[in-house]
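Contents: one structure, followed by commentary.
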Amino acid sequence: MIRPSFVVFAASLLSACAGDKASDDGPLSEDSDPQTDDTADTEEPVVLKGDGFGLYATSGKMMAWHNIDYVIDTTVDISQTIGDSTAFTALADFDGDGLEDLWQIPAESATITVYMANGEGWRDPADFEIVTDLSKTLNWFTGDFNGDALDDVGQINTNNGRLLVYPNAVGYFDPDGKVPSEAPFDLRAQLFTGDLDGDGADELGTVLDGVISVWDMDDGALVEPALFEVTAPGAVLAAVALDLDDDGYAELGVWTGSTLTLYPNQAGTGFDLNTPTSLLFGQSGTPFAGGFN
């Protein structure tokens with residue numbers, strides 16, 4: 001169940017979205033007269049920013065580095081102690097505003113605690129606590145697997161390796177709407193998610209036995225065989241999918257403990273392992289990627 005205040009939040013969110021669609025305040029508005037509006041043809045186009053990088057330390061400190069004009073500055077932009085460092089933690093877009101909210105699921109719990117992003121960090125205390133019927137002992141992962149700009153939550157059954165994805169209905173994870181995958185999954189695999197083939201929805205990436213594989217997720221259902229596989233470039237402590245240049249294809253980020261090495265995405269067909277870019281952060285923690293501002 002969800003805190004009562006969430007109902008008001010959801011209604012406001014849907015109302016705002018509807019209002020945005022109905023309004024016509026952009027540069028093509030009929031109210032704008034090119035002959036009298038001296039900004040009509042002189043405004044600089046907005047430069048979209050790519051994904052930023054984040055680390056969550058064992059001390060409970062979340063650090064984030066913004067992407068400014070497709071470059072991640074290794075000077076920390078956000079540093080905030082928040083949440084439970086022993087809980088499963090994810091940065092995922094809970095409400096579709098393009099910012100990565102902080103999700104946590106404490107050990108032996110099926111309650112998702114959400115700290116909403118505000119562009120400068122995350123609001124504390126948590127905004128929502130969502131009680132689900134998910135297992136308290138299974139491995140979790142998050143991603144937007146149906147392309148609706150809301151990140152979903154998934155689990156891997158530790159008994160049979162099957163995947164289950166619960167779509168995000170603006171904060172409600174309907175057990176009747178869960179999407180199962182029959183393909184057994186190797187529980188030793190490291191997981192990461194991101195739009196790796198440019199289709200507007202997230203794929204599931206795995207690192208296992210020196211091989212990085214990318215799997216399509218059809219509305220949450222894993223599709224076999226893998227879209228592509230590449231040999232891992234050395235030891236991989238953790239991997240992230242990070243769209244550095246905002247072209248719709250997430251790059252592969254390999255985390256070694258203090259350095260992030262990025263490998264370009266070859267338009268959804270693989271990663272270019274011959275032209276890496278390395279960024280030294282000098283910090284340790286669990287790596288994340290996404291929009292922070």
Side-chain angles (χ1 to χ4, degrees), residues 45-54 65-73 91-93 96 98-100 141-152 154 163 165 181 183 185 189-256 259-279 287-293:
V46 175
V47 178
L48 297 177
K49 302 183 176 88
D51 286 339
F53 180 67
W65 293 263
H66 291 156
N67 186 327
I68 307 298
D69 294 336
Y70 317 122
V71 176
I72 298 177
D73 188 343
L91 289 181
D93 192 349
L99 298 177
E100 303 297 336
F141 59 95
T142 61
D144 176 14
F145 301 117
N146 54 15
D148 65 355
L150 299 170
D151 279 331
D152 313 306
L163 275 68
V165 169
S181 296
F185 219 68
Q190 300 178 46
L191 305 181
F192 63 100
T193 61
D195 189 355
L196 297 161
D197 66 355
D199 65 352
D202 286 345
E203 282 68 51
L204 181 65
T206 63
V207 184
L208 180 66
D209 294 337
V211 176
I212 297 173
S213 305
V214 172
W215 308 81
D216 192 18
M217 298 288 285
D218 184 10
D219 285 337
L222 184 139
V223 179
E224 294 187 289
L227 286 174
F228 60 85
E229 295 183 329
V230 298
T231 301
V236 179
L237 181 62
V240 295
L242 189 156
D243 188 1
L244 182 70
D245 53 7
D246 204 43
D247 65 349
Y249 296 93
E251 279 65 59
L252 169 67
V254 173
W255 180 244
T256 62
T259 300
L260 178 70
T261 302
L262 296 170
Y263 298 89
N265 189 320
Q266 298 178 308
T269 62
F271 302 110
D272 182 0
L273 303 182
N274 296 316
T275 57
T277 299
S278 294
L279 301 171
F288 297 99
F292 303 124
N293 60 332

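Considering OH of Y70 and CG of D246, their distance stands at 5.5 Å, rounded to 0.5 Å. In this structure, OG in S181 is found 9.0 Å from CD in E224, a value given to the nearest 0.5 Å. To the nearest 0.5 Å, the span separating CD on Q190 from CG on L237 amounts to 7.0 Å. The CG atom of L150 sits 12.5 Å away from atom OG1 of T142, with the distance rounded to the nearest 0.5 Å. Between atom CG of residue D148 and atom CG of residue N146 there is a gap of 4.0 Å, rounded to the nearest 0.5 Å.
For the pair A183 and L222, the tightest heavy-atom approach, listed with the atom from each and the gap, is CB-CD2, 4.1 Å. Taking each heavy atom of L252 and A239 in turn, the nearest pair found is CD1-CB, 4.2 Å. When all heavy atoms are compared, the tightest approach of V254 to A235 is CG1-O, 4.2 Å. The two residues A241 and D51 have their closest heavy-atom pair at O-OD2, 4.4 Å. Closest approach of P233 and I212 over heavy atoms only: CD-CD1, 4.0 Å.
For A149, there are no side chain to side chain contact (heavy atoms under 4.5 Å, CB included) partners at least two apart in sequence or on another chain. For D199, the side chain to side chain contact (heavy atoms under 4.5 Å, CB included) partners two or more places apart in sequence, or in a different chain, are D195, D197, A201, E203, D216. The ring pair (Phe, Tyr, Trp, His ring centres under 6.0 Å) search around F141 returns F145, not counting sequence neighbours. Applying the side-chain hydrogen bond (donor to acceptor under 3.5 Å, both in side chains) test to E229 and every residue at least two apart in sequence or in another chain returns S213. Scanning for side-chain hydrogen bond (donor to acceptor under 3.5 Å, both in side chains) contacts around W255 gives an empty result, with sequence neighbours left out.
Residues F185 and T206 meet the side-chain proximity criterion, which asks for heavy atoms closer than 4.5 Å. Between V207 and F192 there is a side-chain heavy-atom pair separated by less than 4.5 Å. Between L244 and N67 there is a side-chain heavy-atom pair separated by less than 4.5 Å.
No donor-acceptor pair under 3.5 Å is formed between the side chain of D144 and the backbone N or O of D202.
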Verdict with reasoning, E251 to T277, per side-chain contact (heavy atoms from CB on, under 4.5 Å): CA-CA 11 Å; E251 279 65 59; T277 299; over 6 Å; no
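Residue L204 is tested with V223, V165, L163, L227 for a side-chain contact (heavy atoms from CB on, under 4.5 Å); the sole match is L163.
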Please list, one pair per line, the donor and acceptor atoms closer than 3.5 Å that link side chains of residues 259-272 to other protein atoms, with sequence neighbours excluded.
from : atom 1 : to   : atom 2 : distance (Å)
T261 : OG1    : S278 : OG     : 3.1
N265 : OD1    : A267 : N      : 3.3
N265 : OD1    : G268 : N      : 2.8
N265 : ND2    : L196 : O      : 3.0
N265 : ND2    : A250 : O      : 2.7
T269 : OG1    : Q266 : O      : 2.6
D272 : OD1    : N274 : N      : 3.0
D272 : OD2    : T275 : OG1    : 2.8

